[in-house]
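Scope of the values below: all heavy atoms of this structure, side chains included, with no hydrogens, waters or symmetry mates.
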Amino acid sequence: MLDGVRMIRVRADAPRLVWEVHTRTERIAYLDAVDGDLLWVSHIGVEPRFRRLGHATRLLHAALAHARSGPVALTAAPFPSWREQGLLHEDLRTWYARHGFHPAPTPQDPYRMIRPAAPSVLGAGLRDPGGICCKGVGQRGQVIR
């Protein structure tokens with residue numbers, strides 16, 4: 001049983017934001033980001049036994065709802081923070097592209113992707129350029145049940 005997605009501000013004066021998915025007993029997924037002129041997604045992690053159930057998508061939608069219509073950027077490179085490797089580089093790029101991200105490499109970050117600023121919040125939900133609606137995610141990233 002899941003408790004839902006919740007946002008945690010690490011410190012009130014800090015730009016770091018964390019969204020988490022919990023069962024009643026443990027954290028099973030998280031998204032770590034830094035809020036500023038754009039929202040920088042630094043990491044998404046899902047416990048291996050809970051992968052392929054849509055938790056990373058729920059977390060990303062919550063972060064995109066928080067960003068409202070502002071730009072969101074990230075580095076689409078695997079980061080082995082859990083006991084098992086997640087998606088490979090090309091699979092990550094494909095997954096992020098489905099959510100409206102486009103390659104925007106720099107000499108320092110060849111895996112950088114960005115979702116440009118655009119009107120993206122419709123009421124309490126979020127619509128990405130691909131037309132996928134995430135109904136039930138509030139403006140600040142919380143899940144509305």
Side-chain angles (χ1 to χ4, degrees), residues 2-23 26-48 50-82 84-145:
L2 298 178
D3 280 345
V5 177
R6 61 181 171 222
M7 182 184 76
I8 300 165
R9 189 171 285 278
V10 177
R11 286 189 359 227
D13 63 338
R16 183 171 174 229
L17 302 172
V18 179
W19 284 266
E20 297 181 339
V21 177
H22 288 257
T23 65
E26 66 183 320
R27 180 180 82 168
I28 61 169
Y30 72 96
L31 181 149
D32 202 335
V34 178
D35 205 359
D37 292 338
L38 59 73
L39 183 68
W40 181 266
V41 175
S42 56
H43 188 242
I44 300 176
V46 178
E47 180 69 36
F50 290 97
R51 290 185 181 155
R52 306 196 69 76
L53 298 173
H55 299 305
T57 297
R58 291 175 62 211
L59 289 164
L60 184 60
H61 284 179
L64 293 173
H66 173 83
R68 298 181 182 236
S69 61
V72 180
L74 51 85
T75 296
F79 185 84
S81 65
W82 295 86
E84 297 175 19
Q85 183 174 343
L87 294 175
L88 300 176
H89 174 71
E90 284 305 314
D91 296 328
L92 278 174
R93 286 175 55 104
T94 299
W95 186 77
Y96 285 119
R98 284 197 314 257
H99 296 283
F101 287 85
H102 306 282
T106 66
Q108 299 81 17
D109 186 356
Y111 303 115
R112 182 174 180 261
M113 295 184 81
I114 192 163
R115 182 180 170 154
S120 62
V121 174
L122 301 174
L126 170 71
R127 184 169 299 279
D128 72 13
I132 300 169
C133 185
C134 181
K135 185 176 180 184
V137 178
Q139 293 177 349
R140 301 308 289 177
Q142 76 278 14
V143 170
I144 299 169
R145 297 214 178 259

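- Atom-to-atom distance recorded for Asp35:CG and Arg16:CZ is 13.0 Å, nearest 0.5 angstrom.
- Interatomic distance, Leu92 CG to Met113 CE, rounded to the nearest 0.5 Å: 9.0 Å.
- The minimum heavy-atom distance linking Pro71 with Ala117 is given by the pair CD-CB, 3.6 Å.
- We find the NE2-OH distance between His55 and Tyr30 to be 15.0 Å, quoted to the nearest 0.5 Å.
- Taking the six-membered ring for Trp and thresholds of 30 and 60 degrees, His66 and Trp19 have ring planes more than 60 degrees apart, a perpendicular arrangement.
- Between Val41 and the options Asp32, Leu64, Val72, a side-chain contact (heavy atoms from CB on, under 4.5 Å) holds for only Val72.
- Screening Leu53, Val46, Leu31, Leu59 for a side-chain contact (heavy atoms from CB on, under 4.5 Å) involving Val21 leaves a single residue, Leu59.
- When all heavy atoms of Pro105 and Pro110 are compared, the closest pair comes out as CB-O, 3.5 Å.
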**OP:** Give the C-alpha distance, both sets of side-chain angles, the deciding distance and a yes or no for side-chain contact (heavy atoms from CB on, under 4.5 Å) between Arg115 and Tyr96.
**Re:** CA-CA 9 Å; Arg115 182 180 170 154; Tyr96 285 119; over 6 Å; no
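- To the nearest 0.5 Å, atom CG of residue Leu74 and atom CH2 of residue Trp40 are 6.5 Å apart.
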Original post:
Is there a side-chain contact (heavy atoms from CB on, under 4.5 Å) between His61 and His99 once you walk through the steps?
Top reply: CA-CA 9 Å; His61 284 179; His99 296 283; 3.5 Å; yes
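- Rounding to the nearest 0.5 Å gives a distance of 3.5 Å between OG1 of Thr75 and CG of Asp109.
- Here Ile44 contributes atom CD1 and Trp95 contributes atom CH2; the two are 4.0 Å apart, rounded to the nearest 0.5 Å.
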